[in-house]
Amino acid sequence: MISSYADMRCVVMSYIRMDMRVVLFLTLLTGMCVADSTGNLALRATVVQSSTYSTDVAQRAVDGNMDSNYNLGSCTCTNAEKKPWWRVDLGKVYRVTRVRITGSVEYSVYINGAQIRIGNSLENNGNNNEVAATVESIPAGVTTTFKFKPINGRYVNIFIPGRNEYLTLCEVEVFADKVE
């Protein structure tokens, strides 16, 4: 409970949108509070992938479970195919600045050479959007952060161009500076 007028400088309101906790700071008196904080935009967002190997559905990469042991059911995997991809829909356009990927202990090679693509187009399943970064390699079971110049986009794709391959992801996290 607010005990005095001076305590009312900022009020923190929380709401849940797509199961994602977002904290907004409202300024009541002085305008001195931070505007917003987004957190992991991909957590429990809508996802799709080019195909599904066995029961390794796309949603496993945004379930919040950072376990990198593929055999424990926390990772997603496509079939072996030419140009496999995985995509998260952030629900609206954000100024994306970094993506964190957790690779599999057993199958980390299945992410090497992948491109992180961000944009607003679904042409070619979103794989024609701007390249933010290329994954040279992710050591087995390691979470790696890819930082890049801000790119405005609603869709974030992980795409392996030009070769026949599985695509295995254990967790994908997406972060932005601010809401556009």
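Since the model is a prediction, treat every value here as computed from it, not as a measurement. Count residues from 1 along the sequence.
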Counting N and O atoms only, with roles assigned by atom type, does the side chain of [X] sit under 3.5 Å from a partner on the main chain of [Y], one being a donor and the other an acceptor?
| X | Y | result |
| --- | --- | --- |
| T134 | Q115 | no |
| N79 | E81 | no |
| S104 | E106 | yes |
| Q49 | D56 | yes |
| N157 | N125 | yes |
| R117 | G126 | no |
| D89 | Y155 | no |
| R60 | T55 | yes |
| E171 | G64 | yes |

Atom pair [atom1] ([X]) and [atom2] ([Y]), whose distance is rounded to the nearest 0.5 Å:
| X | Y | atom1 | atom2 | answer |
| --- | --- | --- | --- | --- |
| C75 | D67 | SG | CG | 7.0 Å |
| S74 | N65 | OG | CG | 3.5 Å |
| E130 | N120 | CD | CG | 11.0 Å |
| R100 | F146 | CZ | CZ | 11.5 Å |
| N112 | I138 | CG | CD1 | 7.5 Å |
| L169 | I158 | CG | CD1 | 6.0 Å |

Taking all non-hydrogen atoms of both residues, which atom of [X] and which atom of [Y] are closest, and how far apart?
| X | Y | answer |
| --- | --- | --- |
| A132 | I118 | CB-CD1, 3.8 Å |
| P84 | R163 | CD-O, 4.0 Å |
| P150 | D177 | CG-OD2, 4.1 Å |
| T78 | W85 | CG2-O, 4.0 Å |
| I111 | T168 | CB-O, 4.3 Å |
| A176 | L41 | CB-CD1, 3.7 Å |

Look at the side-chain heavy atoms of Ile, Leu, Val, Met, Phe, Trp and Tyr, link any pair under 4.5 Å apart, and say whether [X] and [Y] land in one connected group.
| X | Y | result |
| --- | --- | --- |
| V172 | F175 | no |
| V174 | V131 | no |
| Y94 | F148 | yes |
| V57 | V156 | no |

Quick one, Y70 with C77, criterion side chain to side chain contact (heavy atoms under 4.5 Å, CB included). Give me CA distance, side-chain angles, the key distance, then yes/no.
CA-CA 9 Å; Y70 174 86; C77 188; 4.0 Å; yes

I'd like to check [X] versus [Y] (side-chain heavy atoms, cut-off strictly below 4.5 Å). Are they in contact?
| X | Y | value |
| --- | --- | --- |
| T46 | V48 | no |
| V62 | R44 | no |
| F159 | L167 | no |

If you apply the rule side chain to side chain contact (heavy atoms under 4.5 Å, CB included), what do you find for V47 with V88, and how did you get there?
CA-CA 4 Å; V47 290; V88 61; 3.7 Å; yes

| message | Could you walk me through whether Y166 and Y53 satisfy the ring pair (Phe, Tyr, Trp, His ring centres under 6.0 Å) test, starting with their C-alpha distance in whole Å, then the side-chain angles of each, then the deciding distance to 0.1 Å, before giving a yes or no? | response | CA-CA 9 Å; Y166 294 92; Y53 177 80; 5.7 Å; yes

Review point. How far apart are the C-alpha atoms of M66 and T143, what are their side-chain angles, what is the distance that settles it, and do they pass the side chain to side chain contact (heavy atoms under 4.5 Å, CB included) test?
Key: CA-CA 8 Å; M66 302 292 289; T143 299; 3.7 Å; yes

